[in-house]
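To keep things clear, I will list the structure first and then write my remarks on it.
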Amino acid sequence: MANPLYDGLFGRHAGKSTPFLHLLDGSTVTHQDFLALAARIANVLQQIGLKAGDRVAAQIEKSPEALALYAACAQSGLVFLPLNTAYTVDELTYFIENSGAALIVCDGRSETDLAPVVDKLGAKLETLNADGSGSLTDKARSMPSTFATVDRGADDLAAFLYTSGTTGRSKGAMLTQQNLLSNALTLVQAWRFTGDDVLLHALPIFHTHGLFVATNTTLAAGGSMIFLPKFDLDEMVARMPEATTMMGVPTFYTRLLGDPRFDRASTAHMRLFVSGSAPLLAETHIQFEERTGHRILERYGMTETNMNTSNPYDGERRAGTVGLPLPGIEVKITDPNDGSELPQGEIGEIEVRGPNVFKGYWQMPEKTAAELRENGFFITGDLGRIDEDGYIHIVGRNKDLIISGGYNIYPKEIELVLDEQPGVLESAVVGVPHPDFGETVLGVVVPEPGSTPDLDAIMEAVRASLARFKHPRELIVLDELPRNTMGKVQKNILRDQYNDLFAPA
Ligand code: MLC
Ligand code: AMP
């Protein structure tokens, strides 16, 4: 037995004194030091009494220690469950309870708020702060810097990532060791990653993009990362000269293009820019090439599947498309009504199958059965077509989803909060174009007859229960919602009507 994920990504760098992380303050963490830190944390996890298969939920800032917790979970056979740092206590309570996490690792600032939730579950709580301090690392300090890797199989769970749903209830996507490892190895080949690569890493590490695509691929290639706490334009420009590659959401690219320091000369040494998580406008792709001479490589993935398709490294990177299926991954376009495969060129639902596709939603067999076919194809909820050269074009979504700055927002979740507010009869939440975030959230509320809803009070209620990035940037009051003859709210009409709400003046 072995532990494919740990051995394939982490353990293989044992004893290497080459850099793994280049930090904001100019210091470096070597592979060897990183593995020693991870092993010390793994010893703490074992001492706490965690057993293989237990879930470890973490709402912590990006730091080398946070990444080492992920490695420690892999080494101990634990299921890592990273959570967006923007989530409120209400949101966290659901994730913690639903996952039945055995350990919650949070920032010291959230300890008091989370303690009752954790106690109720009989789980353990440790803290880890942005600067690496906290009870977890305090305990780790006196631990041995080696740990006997726990045996796991390729089909064992490695991570849970929650993804919201159209009903407003989030689902825990169960990802196996093979899901993560196979995708990392595929991306190393597809994007020609090597031990010489230095990735400029400014993404959060609680989602697929920053944790799996960026970090796992770098680890699988044995390269290093300039590990920035978050996207900051000045830091990006300052550190770019040390990098060979960068991965980002489209907002990264539009922000970089807004800065004149970012030009052909300052990017001449770069080997590759990758974009994903949200549609990259063809216009941005073209502007980027004009400014830098580089063609951004756009790829397409999701929480449930990791990466599915990618524009080619060699060959044409076609603007406005997400490229071709990655090796070993099948993509087909089907009729949303009956699931039958459509002829080439027609628009339908994108379905994918391969070693990257997740195992199902945690304790939600009906939802799993509705999206994951018995033949292994996953119904993505994205609408697309395949052109005559095999390039996949995403043309829309069959799911009610807003993507703001690369974060997914399910309108239903916000509508449920709006509907509960005094004086509100009903509501509709839609995504409208936004120059920085791509899309942003617009809330429309319909008052109960004779009442005037207090919009400030409504926003206060939203703030109390939902993460900041989900908050409507504007609330509009309408007498009624546009509906079709079946009574269904016509969100497309609202989207069209408010299309220019955030357009630059
Ligand atoms: C921050 N805010 C956002 C936001 N990010 N609001 C909407 N959408 C977002 N994405 C809030 C802040 O809290 C702040 O609130 C205000 O908006 C302005 O913040 P900012 O300073 O401009 O934002 P910043 O901190 O710079 O963050 C923007 C960002 C960040 C784009 C850099 O959101 C980011 O790193 N996004 C990447 C998301 C990601 O990794 N997605 C991958 C998912 S995986 P206030 O109160 O100050 O107004 C996936 C699969 C796949 O999708 O295929 O990859
Ligand atoms: P998530 O739930 O965060 O995993 O988001 C996955 C969704 O992001 C996909 O189903 C797509 O709708 C969207 N997405 C990811 N990459 C791209 C891309 N390159 N272009 C368009 N949409 C994308």
Side-chain angles (χ1 to χ4, degrees), residues 62 82 84-87 161-166 170-171 173 175 183 187 201-215 228-236 247-256 258 274-282 284-285 296-311 317 319-323 349-352 356 358 371 378-384 392-410 431 434-441 459 462-463 466-473 502:
K62 185 175 175 183
N84 194 320
T85 48
Y87 289 147
L161 256 61
Y162 274 84
T163 131
S164 306
T166 42
S170 292
K171 305 164 285 186
L175 294 154
N183 215 237
L187 296 179
H201 191 304
L203 290 158
I205 54 166
F206 43 69
H207 280 314
T208 299
H209 199 163
L211 188 62
F212 302 144
V213 189
T215 305
L228 302 178
K230 64 180 290 254
F231 181 93
D232 175 279
L233 206 43
D234 289 339
E235 282 302 331
M236 295 299 280
M247 293 184 195
V249 297
T251 301
F252 283 23
Y253 291 100
T254 50
R255 287 187 180 183
L256 287 170
V274 180
S275 176
S277 307
L280 181 80
L281 296 177
T284 310
H285 184 105
I296 299 172
L297 184 153
E298 185 173 7
R299 63 27 171 214
Y300 159 60
M302 48 196 308
T303 303
E304 289 90 335
T305 63
N306 286 286
M307 299 305 101
N308 298 313
T309 75
S310 171
N311 270 281
R317 298 181 194 166
T321 83
V322 293
E349 188 126 34
I350 302 176
E351 297 195 20
V352 297
N356 56 318
F358 77 140
E371 294 180 38
F378 176 65
I379 308 168
T380 61
D382 291 309
L383 297 173
I392 293 151
H393 300 236
I394 298 180
V395 300
R397 298 176 202 136
N398 205 16
K399 49 190 174 191
D400 193 11
L401 166 71
I402 300 168
I403 307 184
S404 166
Y407 286 146
N408 283 14
I409 302 166
Y410 278 85
H434 187 275
D436 186 28
F437 291 132
E439 279 183 294
T440 197
V441 180
M459 281 311 295
V462 167
R463 272 193 285 279
L466 299 174
R468 170 70 182 126
F469 67 89
K470 300 178 188 170
H471 298 179
R473 294 294 154 134
F502 296 94

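Both counts, for ligands and for their atoms, begin at 1 and track the order of listing. Every value quoted in this text rests on a predicted model; they were computed, and no experiment measured them. All heavy atoms count here, side chains included; hydrogens, waters and symmetry mates do not. Just so you know, residue 1 is the first one in the sequence shown, and it goes up from there.
- Here the heavy atom of the protein found nearest to atom 19 (N) of ligand 2 is R299 O, 2.7 Å.
- Residue E298 has at least one N or O atom closer than 3.5 Å to an N or O atom of ligand 2.
- Within the 4.0 Å heavy-atom shell around ligand 2 one finds K399.
- When each of T305, N308, N306 is checked for a side chain to side chain donor-acceptor pair (under 3.5 Å) with N356, only N308 meets the rule.
- By the 3.5 Å distance cut-off applied to N or O atoms, Y300 is not counted among the residues near ligand 2.
- Residue contacts with ligand 2, taken as heavy atom pairs separated by less than 4.0 Å, involve I403 solely via side-chain atoms from C-beta onward.
- Distance check, rounded to the nearest 0.5 Å: CZ of R468 to CZ of R463 gives 8.0 Å.
- Remark: distances from the non-hydrogen atoms of H209 to ligand 2 are all 4.0 Å or more.
- Rounded to the nearest 0.5 Å, atoms OG1 (T321) and NE2 (H393) are 5.5 Å apart.
- Salt bridge R397/E439: present, at least one basic N to carboxylate O contact under 4.0 Å.
- Here the CZ-CD1 distance, from F437 to I403, works out to 14.0 Å after rounding to the nearest 0.5 Å.
- In this view, N183 satisfies the side chain to side chain donor-acceptor pair (under 3.5 Å) rule with no residue, not counting sequence neighbours.
- With values rounded to the nearest 0.5 angstrom, M236 atom CE is found 10.5 Å from R255 atom CZ.
- Backbone and side-chain nitrogen or oxygen atoms of D382 are examined, and one is located within less than 3.5 angstrom of a nitrogen or oxygen of ligand 2.
- Near P279, meaning under 4.0 Å from one of its heavy atoms, ligand 2 places the atoms 20 (N), 21 (C), 22 (N).
- The shortest distance between side-chain heavy atoms of V441 and K470 does not fall below 4.5 Å.
- At least one heavy atom of I394 sits under 4.0 Å from some atom of ligand 2.
- Every side chain to side chain donor-acceptor pair (under 3.5 Å) that S277 has, sequence neighbours left out, goes to H209.
- Contact of the T380 side chain with the Y300 side chain is registered, since non-hydrogen atoms from C-beta on lie closer than 4.5 Å.
- Any N or O atom pair closer than 3.5 Å counts here, and E304 shares no such pair with ligand 2.
- Close approach to V322 involves these atoms of ligand 2, each under 4.0 Å from a residue heavy atom: 18 (C), 19 (N), 20 (N).
- Near T303, meaning under 4.0 Å from one of its heavy atoms, ligand 2 places the atoms 1 (P), 2 (O), 3 (O), 4 (O).
- Nearest protein neighbour of atom 17 (C) of ligand 2, counting heavy atoms only, is A278 N, 3.7 Å.
- L228 contributes atom CG, which lies 6.0 Å from atom CD of E235 (distance to the nearest 0.5 angstrom).
- Annotation: atom 16 (N) of ligand 2 to nearest protein heavy atom, S277 N, 3.2 Å.
- Per-residue contacts place M302 under 4.0 angstrom from the following atoms of ligand 2 (heavy atoms of the residue considered): 4 (O), 6 (C), 10 (O).
- For ligand 1, the 4.0 Å heavy-atom shell takes in L203, P204, H207, T208, H209, K230, F231, V249, T251, F252, R255, S277, R299, G301, M302, M307, S404, G405, G406, Y407, F437, R468, F469, R473, ordered by chain and residue number.
- Evaluation of the ring pair (Phe, Tyr, Trp, His ring centres under 6.0 Å) rule for F212 yields no partner, not counting sequence neighbours.
- For S275 against L280, the heavy-atom pair with the smallest separation is OG-CD1, 3.7 Å.
- Ranking the protein heavy atoms by distance from atom 2 (O) of ligand 2 puts N408 ND2, 2.5 Å first.
- Between the CD1 atom in I379 and the CG atom in N398 there is a gap of 10.0 Å [rounded to 0.5 Å].
- Under 4.0 Å from ligand 2, not a single heavy atom of S275 appears.
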